[in-house]
Number of protein chains: 2
Amino acid sequence: MAGNETGRRHSRDDVAEAALRILDDLGLPDLTMRRLASALDVQPSALYHHFPNKQSMLAEVADRIVAARRPVAQPDVAPWQAAVRAEADALRDALLAYRDGAEVVSSTLALGLGSPETVERLARAVALGGFDEETSRRAATALLHFVLGHVSHEQQRLQYDSLGVLADAETSPLDEDDPAAAFAFGVGLLVGGLELSRSRR
Amino acid sequence: MAGNETGRRHSRDDVAEAALRILDDLGLPDLTMRRLASALDVQPSALYHHFPNKQSMLAEVADRIVAARRPVAQPDVAPWQAAVRAEADALRDALLAYRDGAEVVSSTLALGLGSPETVERLARAVALGGFDEETSRRAATALLHFVLGHVSHEQQRLQYDSLGVLADAETSPLDEDDPAAAFAFGVGLLVGGLELSRSRR
DNA sequence: ACCTGAACACCGTTCAAGT
DNA sequence: ACCTGAACACCGTTCAAGT
């Protein structure tokens, strides 16, 4: 897909694309520098020409995953609540588009790497409700933590189901029969909390 | 602290205690089976007599971290909102008590391991508000995701600050000047959302 | 600029064997 | 029941050297 599979001499872009492929095909635990190198027909040490270390390579992967979010129209007339929900949904869908997407993005953000765009887009949607900058940023952060935690768990479950068959009654209390509904509920709580703080202002 | 430092022959309990020590002294990346073994003056393979693998050993560590939460009085007369906030605070404090505590608990819960007690205690507090069981469980899950995400980030920041000196303006948009206030804000949003859904019922 | 070859300092886990 | 000794199959990263 991102060419140059046999011809040697790769770009940073090639490396990132190959990493996304491995992530989606094999999952995060199998996305090793050595496997990535061998997918590119190159020695592991060659990767360090493109990235200083594995974490920065994963940060690039994370940025590409969230950058693929569908754009959300935010007409000034629409209720801000709908904009926030749409942003949350777009983020969830982007994370679900790659295997272990949520965990990659989560660990990257935890390390302070990755683009700030993700929080900012959420914060902008919140700010449509007229909240001040700090409130918007804090609400966006809370939303992001919920989304990443929820989707991480969702994706972990997917993997279990696909390989473990998961003996009956083997469910954790975090498991949800309807992940999409549980997701909407969680986002709804945070939006509701914002509404309430607004009406009390 | 958990005895038997030189006399060979350890119990599962000794192993878990030693793991907690290493976690708090060196952090999760340095909590390896080999280092744990050498702290107990034992060959790495000996650990597999006590735990089938590293993940189950970490699950035991996670359970001990959250089990140390301070008990929260829940008199039936007190407002349920205060009970939920108290449970969230108790959980945050327990996670902060050990280095990388949030990450250990988070990854354990993500794998479906660890005791269900953590979610259940949160759900019980929510249920004091008269919410049905599914709503309480979903709200507790949302709360838990927020708490784990927030505290994980908080602890990552602590480590950065302690070793990196962190050049000026090196802050990510997720960073907070006042983590405790940001935490209370996030919990407040979720509690507020519950209040609103209640008044609309 | 991009890569090779070789090495360093590690991992988690298994397994036969010992007491 | 609890442990040793040795091995297997890996890791991320560095570094001199090549083109």
Side-chain angles (χ1 to χ4, degrees), chain A residues 2-20 22-23 25-62 100 103-104 107-108 110-111 113 159 163-164, chain B residues 2-20 22-23 25-62 100 103-104 107-108 110-111 113 159 163-164:
Chain A
N4 217 354
E5 227 96 285
T6 49
R8 298 295 128 82
R9 234 104 247 221
H10 301 281
S11 67
R12 186 184 159 97
D13 207 80
D14 294 330
V15 179
E17 286 299 328
L20 274 168
I22 294 175
L23 180 69
D25 291 345
L26 306 170
L28 185 56
D30 283 331
L31 177 45
T32 68
M33 295 301 266
R34 285 167 183 273
R35 199 182 284 265
L36 180 53
S38 100
L40 292 163
D41 263 312
V42 132
Q43 295 291 319
S45 51
L47 300 177
Y48 292 84
H49 184 81
H50 302 287
F51 297 95
N53 50 49
K54 187 180 181 178
Q55 261 311 325
S56 67
M57 183 251 131
L58 285 177
E60 178 65 39
V61 168
D100 292 336
E103 213 183 318
V104 173
S107 72
T108 293
L111 294 173
L113 304 175
Q159 228 145 314
L163 91 228
Chain B
N4 217 355
E5 226 98 285
T6 49
R8 298 297 127 83
R9 231 107 249 220
H10 300 280
S11 67
R12 187 184 159 97
D13 206 80
D14 294 331
V15 178
E17 286 299 329
L20 274 169
I22 294 175
L23 180 69
D25 291 346
L26 307 170
L28 186 55
D30 283 331
L31 176 45
T32 68
M33 295 301 265
R34 286 167 183 273
R35 199 182 285 263
L36 179 52
S38 99
L40 292 162
D41 262 312
V42 130
Q43 294 291 321
S45 51
L47 300 177
Y48 292 84
H49 184 80
H50 302 287
F51 297 96
N53 50 51
K54 186 181 182 178
Q55 260 311 325
S56 65
M57 182 253 130
L58 285 177
E60 178 65 39
V61 169
D100 291 337
E103 212 184 318
V104 173
S107 71
T108 293
L111 294 173
L113 304 175
Q159 228 146 313
L163 91 227

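Just so it is clear: chains get the letters A, B, ... in the order the sequence lines come, proteins before strands, and each one is counted from 1. Computed from a predicted structure; not experimentally measured. In what follows, every heavy atom counts, from backbone to side chain, and hydrogens, waters and symmetry copies are set aside.
If you check C:dT19 for Watson-Crick or wobble pairing at under 3.5 angstrom, you find it paired to D:dA1. Here D:dA9 sits opposite no nucleotide as a Watson-Crick or G-U wobble pair (both hydrogen-bonding atom distances under 3.5 Å).
Side-chain atoms of A:Asn53 and A:Met33, non-hydrogen and from C-beta on, never get closer than 4.5 Å to each other. A 4.5 Å side-chain heavy-atom check between B:Asp100 and B:Pro29 finds at least one atom pair inside the cut-off.
Between the P atom of D:dC11 and the CG atom of A:Leu28 lies a distance of 13 Å, rounded to the nearest Å. To the nearest angstrom, P of D:dC10 lies 13 Å from CG of A:Leu26. For B:Leu36 and C:dC11, the CG to C1' distance is 14 Å, given to the nearest whole Å. Whole-Å rounding puts the A:Tyr48 OH to D:dT13 P distance at 4 Å. Look at NE2 on B:His10: it is 11 Å from P on D:dC2, rounded to the nearest Å. With rounding to whole Å, A:Phe51 atom CZ is found 14 Å from C:dC2 atom C1'. We find that CZ of A:Arg35 is positioned 15 Å from C1' of D:dG12, with the value rounded to whole Å. Between the P atom of D:dG12 and the NE2 atom of A:His49 lies a distance of 20 Å, rounded to the nearest Å.
Atom C1' of C:dA17 sits at a distance of 13 Å from the matching atom of D:dC2, rounded to the whole Å. Going from the C1' atom of D:dC11 to that of C:dC8 covers 12 Å, rounded to whole Å. C:dA16 and D:dC3 have their C1' atoms separated by 13 Å, with the value rounded to a whole Å.
In this structure, A:Arg12 contributes its side chain and A:Phe51 its backbone to no donor-acceptor pair below 3.5 Å. Listed for the B:Asp25 side chain is no donor-acceptor partner under 3.5 Å among the backbone atoms of B:Ile22.
Listed nucleotides: D:dG5, D:dC3, C:dT13. Nearest to the side chain of B:His50: D:dC3. Checking D:dA7, D:dC3, D:dG12 against the side-chain heavy atoms of B:Arg34 singles out D:dA7 as nearest. When distances run from any side-chain atom of A:Arg9 to the nucleotides D:dT4, D:dT19, C:dT19, the shortest one goes to D:dT19.
Taking for each of A:Thr32 and A:Ala46 the nucleotide of DNA chain D with the nearest heavy atom, the 5'-most of the two is the partner of A:Thr32.
When each of B:Leu111, B:Leu28, B:Leu113 is checked for a side chain to side chain contact (heavy atoms under 4.5 Å, CB included) with B:Leu58, only B:Leu28 meets the rule.
Between the side chain of A:Ser45 and the base of C:dG5, at least one donor-acceptor pair of N or O atoms lies under 3.5 Å.
Look at A:Gln43 and you won't find any side-chain N or O under 4.0 angstrom from OP1 or OP2 of C:dC3.
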